[in-house]
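Okay, so here's the structure we're looking at.
Just so it is clear: chains get the letters A, B, ... in the order the sequence lines come, proteins before strands, and each one is counted from 1. Because the structure is a prediction, the values reported are computed rather than measured.
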There are 2 protein chains.
Amino acid sequence: MSGDRQKPGNGAKKKAHQVVTSADVAREAGVSRSTVSRCMADDERISEATRKRVQETAAQLGYHVNKIASSMNRRKSDLIGLVTSGLTDPFRIEFLDCLISQIQQSGYRPLVIDVSDPDQMGISMLNLLQYQVAGVVVTSGSPSPEVGTHYLKRNVPVVLVNRAGRLEGADVINCDNVHGGELAADMLLKSGKKRLGFLNVRGGTYSGNVRGEAFVSRIAPRLADGEISFTSLVCDSADYDGGFHAGLKYLAGGENTPDAIFCAKDHIALGLMDAARFELGLTVPGDLAVIGFDDIAAARQGAYQLTTVRQRADQLAEMTVERLRRRIGGDDLGDERLVLPVEFIRRQTV
Amino acid sequence: MSGDRQKPGNGAKKKAHQVVTSADVAREAGVSRSTVSRCMADDERISEATRKRVQETAAQLGYHVNKIASSMNRRKSDLIGLVTSGLTDPFRIEFLDCLISQIQQSGYRPLVIDVSDPDQMGISMLNLLQYQVAGVVVTSGSPSPEVGTHYLKRNVPVVLVNRAGRLEGADVINCDNVHGGELAADMLLKSGKKRLGFLNVRGGTYSGNVRGEAFVSRIAPRLADGEISFTSLVCDSADYDGGFHAGLKYLAGGENTPDAIFCAKDHIALGLMDAARFELGLTVPGDLAVIGFDDIAAARQGAYQLTTVRQRADQLAEMTVERLRRRIGGDDLGDERLVLPVEFIRRQTV
DNA sequence: CCTGATTGTGCACACGTGTGCATTCAACGA
DNA sequence: TCGTTGAATGCACACGTGTGCACAATCAGG
């Protein structure tokens, strides 16, 4: 028989139930292994007849291309690394949901990697490289410039989503945090509330900081006039509990208690609202106006009806994979910084 | 020089910036490639001195084992397939969160695969096999017996979580749906409510059906006495919106309107509550008692304070990976059906 | 000094695929 | 009939690793 480098004895049978390989298909269809490979890849140079015949025998034998071997040969897998930290942030979850769906639709597979421990970031991203990933999406943490150069050298595209970093050779996609902060400011100024506040997690996140700064500079004129006051509020965690405890702390009463709070993200706003309404007996928006950011699913629920700034997770995901695909396809784009438009959503909390 | 099967010419340099391989480390450290491989795997038979030396040169050159090549050679990767359908169900998200974290801690990597389209289930699971996955966790859909045998033949363990199927060679882990349904029934019987209902998604899910059936058989005696009545309620989707619309439909008023509803899952219960409270002006638990199932994070929030049956996502994940690890390790366990205990959580909705 | 055991390393093969290049074969024009 | 062309397919190599087996070296016991 033909075939390359066959075993010394006779390669007829080895184990009882071995996995079916391209060589098996080749033997069965009476062609060479190369032809099988080309048929599975829909190579142009294969005649229609043999292609059909080979694909049929392949299906009959239950042959599937071994992705690992393929990846090894081509030095590129169809995996896309998803760097995230836990599945707790609602908006990130919505984004990942869209992202996973779109990645899969593009013929890739998401390989999730958790960097809840920020120290692991560097080695985790390097480790990802060992899976021959076709690309990486970072939704948490900031890769160091060093890992950036590693990716650049290997020509593996990286997209940072809603992150600060400017990484060499990587795309950065953010929603329009500045405009969002301004929209929130405009709304609260119009509402007639006087004691404004901005609630963010202690230490701040990049997105939160930008939103807060835009908010503050927008209200600055009125602040200078003395018409209104502003307080910067801080919570311990960027989630429901953080917002809840912040509510207990800041809304207990007193002269300077804010009557309108812009929250860095919806999830915090929900906790804040619940503390105000169910623990302190305040009404929303009567005693306290609240604006969030993201427009997560829970913000639409009847129990909250949160007025907020919407960033669309599906569009964010779309931009991300579109960018990845083009870079994987070989388009040699320079680093770019893309901005997703936001939209003000008026509900019941202002 | 030594080395096996080196290139015809002189394999000194090929491309400008090639990726560093074990051969490079071997050359640099003055040992054979085999020794490098053994050093990276912490093989016992390597002397302490050379191991240290090799590992140092490896670190210095920035060498990392190529997982793809390794997987190919060992015909087993360190990937674990996670079969799910979208990131929309809150409890499943919490479970996946724990699962991903634990999988990673065990030295594996999660490969996510979305089967929102149930028709894709079969080929997706077969496709997964081509990545040489070490194991698979199914949290959505029901794999056919046929794919089951493929996995069995390849000796790749499968764990079904909160699913109906009894798959040959696979473990099935469920929370104690029966006991949960009974706990809910006991609670509502004690509450003094008379017109009981069970709300599940149209067509039903395995878990939901079991919970409902246990609920019904528990209340059966009192039902026979005529002391209470029971209605089976149906919503169009197993989420917040489904519960919400079901609330509008069933709670609009009339003689038979239920005054106590056991929901197949928390997420539905939240929508139901909001429809009752904010659309129909009912009070909870005054006009309507509600019990959920799962104890998702939102159930604990002030806006809901949902009385529910808790299944612990972290323990579920723990059982899952423990089971996977033992099977991957070679333990030859028969198919098993494990049950996770549940716990009644009393809050404000009954 | 000889024998056997133990320890540390190297050699060569195998894993399953993609692809550049050579080769075969039929068709076709002169 | 011969040379040329184009299409279709096979050959052989390479990808980077793990590991069984063989072999060298060291050592203990007689």
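We find that CD of B:E48 is positioned 10 Å from P of C:dG8, with the value rounded to whole Å. Whole-Å rounding puts the B:M72 CE to C:dC13 C1' distance at 13 Å. Look at CZ on B:R51: it is 14 Å from P on C:dT7, rounded to the nearest Å. Rounded to an integer number of Å, the gap from A:N73 CG to C:dG16 P is 14 Å. One interatomic measurement links the two molecules: CG of A:D43 to P of D:dG10, which rounds to 13 Å at whole-angstrom precision. Look at NZ on A:K67: it is 18 Å from C1' on C:dC15, rounded to the nearest Å. In this entry the distance linking CD of B:Q132 with C1' of D:dT17 reads 14 Å, nearest Å. Here the P atom of nucleotide D:dT19 and the NZ atom of B:K76 are 14 Å apart, to the nearest Å.
Among C:dG18, D:dT9, D:dT17, the nucleotide with an atom closest to any side-chain atom of B:S70 is D:dT17. Side-chain atoms of B:I46 lie closest to C:dT9 of the nucleotides C:dT9, D:dT17, C:dT17. The B:R75 side chain lies nearest to C:dC15 when the options are D:dC15, C:dT17, C:dC15.
Residue A:S37 is classed as a base contact, given a heavy-atom separation below 4.0 Å to a base. In this structure, B:I68 reaches neither bases nor backbone, as no heavy-atom distance under 4.0 Å exists between it and the strands shown. B:S71 comes within contact range of no nucleotide atom at all, as no heavy-atom separation falls under 4.0 Å.
Partners of A:D331 under the side chain to side chain donor-acceptor pair (under 3.5 Å) rule, at least two apart in sequence or in another chain, are A:R326. Considering only residues two or more places apart in sequence or on other chains, B:K76 meets the side chain to side chain donor-acceptor pair (under 3.5 Å) condition with none of them. Contacts of B:N73 classified as side-chain contact (heavy atoms from CB on, under 4.5 Å), with partners at least two apart in sequence or in another chain: none. Shown here are the side chain to side chain donor-acceptor pair (under 3.5 Å) partners of B:Y151, two or more places apart in sequence or in another chain: there are none. In terms of the side-chain contact (heavy atoms from CB on, under 4.5 Å) criterion, residue partners of A:S71 (sequence neighbours excluded) are, by chain and number, A:S77, B:I68. The side chain to side chain donor-acceptor pair (under 3.5 Å) search around B:S37 returns none, not counting sequence neighbours.
You'll find a donor-acceptor pair under 3.5 Å spanning the side chain of B:R33 and the base of D:dG18, going by distance alone.
A salt bridge does not link A:D43 with A:R51: none of the charged nitrogens is closer than 4.0 Å to a carboxylate oxygen.
An OP1 or OP2 oxygen of D:dG16 is reached within less than 4.0 angstrom by no side-chain nitrogen or oxygen of A:Y131. At C:dT9, one or more side-chain N or O atoms of B:S47 fall inside 4.0 Å of OP1 or OP2 (strictly under the cut-off). Checking the phosphate oxygens (OP1, OP2) of C:dG16, no side-chain nitrogen or oxygen of A:S22 falls inside 4.0 Å. Side-chain N/O atoms of B:T50 include one lying less than 4.0 angstrom from OP1 or OP2 on C:dT9.
Under the salt bridge (charged side-chain N to carboxylate O under 4.0 Å, His left out) criterion, no residue pair touches residues 127-138 of chain B, with sequence neighbours excluded.
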Atom pairs under 3.5 Å: protein N/O with N/O of nucleotides 20-23 of chain D:
{"unit_1": "D:dG20", "atom_1": "O6", "unit_2": "B:R38", "atom_2": "NH2", "d": "3.3"}

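Both B:Q130 and B:G30 lie near DNA chain C, and the one whose nearest nucleotide falls closer to the 5' end is B:G30.
In the helix from C:dC1-D:dG30 to C:dA30-D:dT1, the terminal helix axes, each the rotation mapping four pairs' C1' atoms onto the next four within five end pairs, subtend 50°, rounded to 10°.
Under the 3.5 Å distance criterion, with hydrogens and angles disregarded, a donor-acceptor pair is assigned to the side chains of A:N127 and B:R109.
Counting heavy atoms from C-beta outward, B:L87 and B:L96 have side chains that approach closer than 4.5 Å.
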